[in-house]
J.: 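This is the structure I want to talk about, given as structure tokens.
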Amino acid sequence: MRLTTRWLIPLLFVMAILASPGCKTTGGKINSGPGTNPPVEEPAAQVATEPSAQEASEETLNGEAFGERELVAEDLGEEVATTADEIAEGMRVLDTVYFPLDSPELSAEALRTLEANARWLVLHPALRVVIEGHCDERGTTEYNMDLGAKRARSVRDHLARLGVLMDRVEVITYGEERPAELGHSEQAWSRNRRAEFVLETP
Amino acid sequence: MSRSQSLRATARPSLLAVMLAMMLPGAVLAQSEPDELTGVISASAATKISLAVPPVVANPGTRAADAAELTQVLRGDLSFSGWFALLTPEGEARIPEGKYADATAWRSVGASYLLTVGLRPKKDGVIFEVRVVETGGGEALLHKKWGGVLPKDLRRLAHAASDKIVLALTGNPGIAQTRIAFVSRRAERDKEVFLMDYDGARVRRLTNTGTINLAPAWSPDGRRLTFLSYLARKPSIYLLSDDGDVTTLHPAGGELNSAPDFAPGADQLVFSSDRDGNSEIYLYDLSRNSETRLTRHPGIDTAPCWAPSGREIAFTSDRSGTPQIYIMSADGSSVRRLSWEGRYNESAAWSPDGGRLAFVSRIKGRFEIVIHDLSSGEEKIITSGRGNKENPRWAPDGRHLVFASNQSGMYSIYTIRDDGTQQRRLTRGMPSWTPDWSPLSR
């Protein structure tokens, strides 16, 4: 797991400012829709316990004002611990996406995987995500560098359509340099044509 | 346009080769290591210069091992050059040791030229001397002497002597002093830049980054290498000088840069980057620190390679739906498609005389090396057999290529003649990729 700590503190602060209202806005929208309510409310509810009970009850009448007020009360120390837990959870939850030969196209199965991944990422707005594009060994070294990039970008663009903010997503290509499975079988190749998700603290 | 399969390199000398060898008294089958694919003497053997290379004799005060190494290096270089049919007393020419330096004895067995080597002791180091004479008589065509030579430098001096012999007898520069840069893996997840002599000797590591480095490419003066590295997390382009200095082109990073190639004359590089949303080719001017975008297409554009004239650039693009070789003017205009056969053509390399392009082509599920003749449009497949052959790059003599192949199971570096003969494996026991052949040393 690659955790970059260099940018941890300053970026956490920035993300706290940026992400909290964003999350609430998203939460508001999703709340009006069917189905997904309970998990979405969670982050907002956690933060909201920090101001006094009286304030909280007042503020729930107006989401906008509530969001601005809570920034003052952000506790960076606790957020760090939460983030580490979130990363651990995310690395378990976010599934790898697989690709057809010589192609960056997203299959129906890949689209389903991305939908689930996007849902989780929207709920964890404080984390940065690196999308790693990989290829099997059958292309040439140089072309595979670009095919890996194309795969990572195709995943990123679809996540954007699903509501994940682009400024927390980064793409990188490893071409054929980091196979998930060694070996030269059809099965190994199909496991290596992939996009992986790596979570990072900001 | 059609492709022809050239003479297949075989593990054993073909019947034709053996017959030719018997017919031509001057022709001796090249010595081959067990898994080395040499020994095919093609019809062109008839036009080879018949050169006698008797063993170097160790005079009193010099070491037999040094003499043996000199013999081996000189014969290896001269045979590899492709210009000569070597005569040796261990081969068909039964010349006794006492007559090694006797030109008329060698003339009687068909040698046109005789190389003699002197190795004598001196206070500091040894004296190393080479002389080439016509066996019909006359003055020496080449006579060169080095003094105070340390034994550890003998190998390099032998290469220097080989190049002088090639130049004296053919008028063409030799490549025995050239080197090959490549990448090899030490740990499971890294690749470092390495260097070796053109014959696979003296392998040494140039980078120590613990991360992935790829595709080293030589500057035209042989003083610098540019390569791709994940040193700053994302792939960026670096320059390594011969004094060990490392610089990066893009200190800010953030883009996915790859496949750098030096311009033949000017202080410029081309490379691919996806900073503008997808892989495009950019020109970087090292003296002005300025950048120009050359391609504009939503497809992948990558692996740029400069023509020796500096006027055109070959590259790979999948704008037709599959990766194919294209050529454009050096300013990005006049793009035209070059490869039409097959669904995967990549990794172009321009021959030093500008007349041909080598690239890899997927044929029956495997990558083979194809040479495209620019004037006739003809394509010749020069490799065959097991495994993939990738990343062809030309030797500065325009007669040899280096490439990476996994035909032995492990990716290794190989060289081959441009007609598909004399394939030779250079690296062993170390997986290796993305070779590039240095320019001539000056």
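Residue numbers start from 1 in every chain, and the chains themselves are labelled A, B, ... in the order their sequence lines are given, proteins ahead of strands.
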J.: Side chain, backbone, both or neither: which part of B/R362 has an atom under 4.5 Å from a heavy atom of chain A?
T.: side chain
J.: May I ask you to check whether over 12 heavy atoms, not counting those of B/R205, lie within 6.0 Å of atom CZ?
T.: yes
J.: Would you find more than 12 non-hydrogen atoms of other residues, nucleotides or ligands less than 6.0 Å from B/R343 atom CZ?
T.: no
J.: Can you list everything that forms a side-chain contact (heavy atoms from CB on, under 4.5 Å) with B/E312? Sequence neighbours excluded, please.
T.: B/A307, B/I327, B/R336, B/W350
J.: If I take atom CG from residue B/L214 and atom CD from residue A/E177, how far apart are they, to the nearest 0.5 angstrom?
T.: 4.0 Å
J.: Where on B/R366 is there a heavy atom nearer than 4.5 Å to chain A: the side chain, the backbone, both, or neither?
T.: neither
J.: Around atom CD of A/E186, are there more than 12 heavy atoms from other residues, nucleotides or ligands closer than 6.0 Å?
T.: yes
J.: Answer yes or no: are there more than 12 heavy-atom neighbours, outside A/R191 itself, under 6.0 Å from its atom CZ?
T.: no
J.: Test of understanding: with side-chain contact (heavy atoms from CB on, under 4.5 Å), list the residues that count as partners of A/E109, not counting sequence neighbours.
T.: A/S107, A/R112
J.: Determine, for A/E132 against B/R233, whether the closest basic-nitrogen to carboxylate-oxygen distance falls under 4.0 angstrom.
T.: no
J.: Shorter than 4.5 Å, heavy atoms on both sides: which option in B/P323, B/S347, B/A259 has the most such pairs with chain A?
T.: B/P323
J.: Just to be sure I understand the criterion: a residue of residues 138-147 of chain A counts if one of its heavy atoms is under 4.5 Å from a heavy atom of chain B. Which ones qualify?
T.: A/R138, A/G139, A/T140, A/T141, A/E142, A/Y143, A/N144, A/M145, A/D146, A/L147
J.: Check this for me: A/E89, atom CD, are more than 12 non-hydrogen atoms of other residues, nucleotides or ligands nearer than 6.0 Å?
T.: yes
J.: List for me each residue that meets side-chain contact (heavy atoms from CB on, under 4.5 Å) alongside A/A149, sequence neighbours excluded, and say none if there are none.
T.: A/R153, A/T173, B/L256, B/D274
J.: Find the one option among B/T434, B/D318, B/T322 whose heavy-atom pairs under 4.5 Å with chain A are most numerous.
T.: B/D318
J.: Would you mind checking which part of B/A303 comes under 4.5 Å of any heavy atom in chain A, side chain (CB onward), backbone (N, CA, C, O), both or neither?
T.: both
J.: Between A/K150 (side chain) and B/S279 (backbone), is there a donor-acceptor pair under 3.5 Å?
T.: no
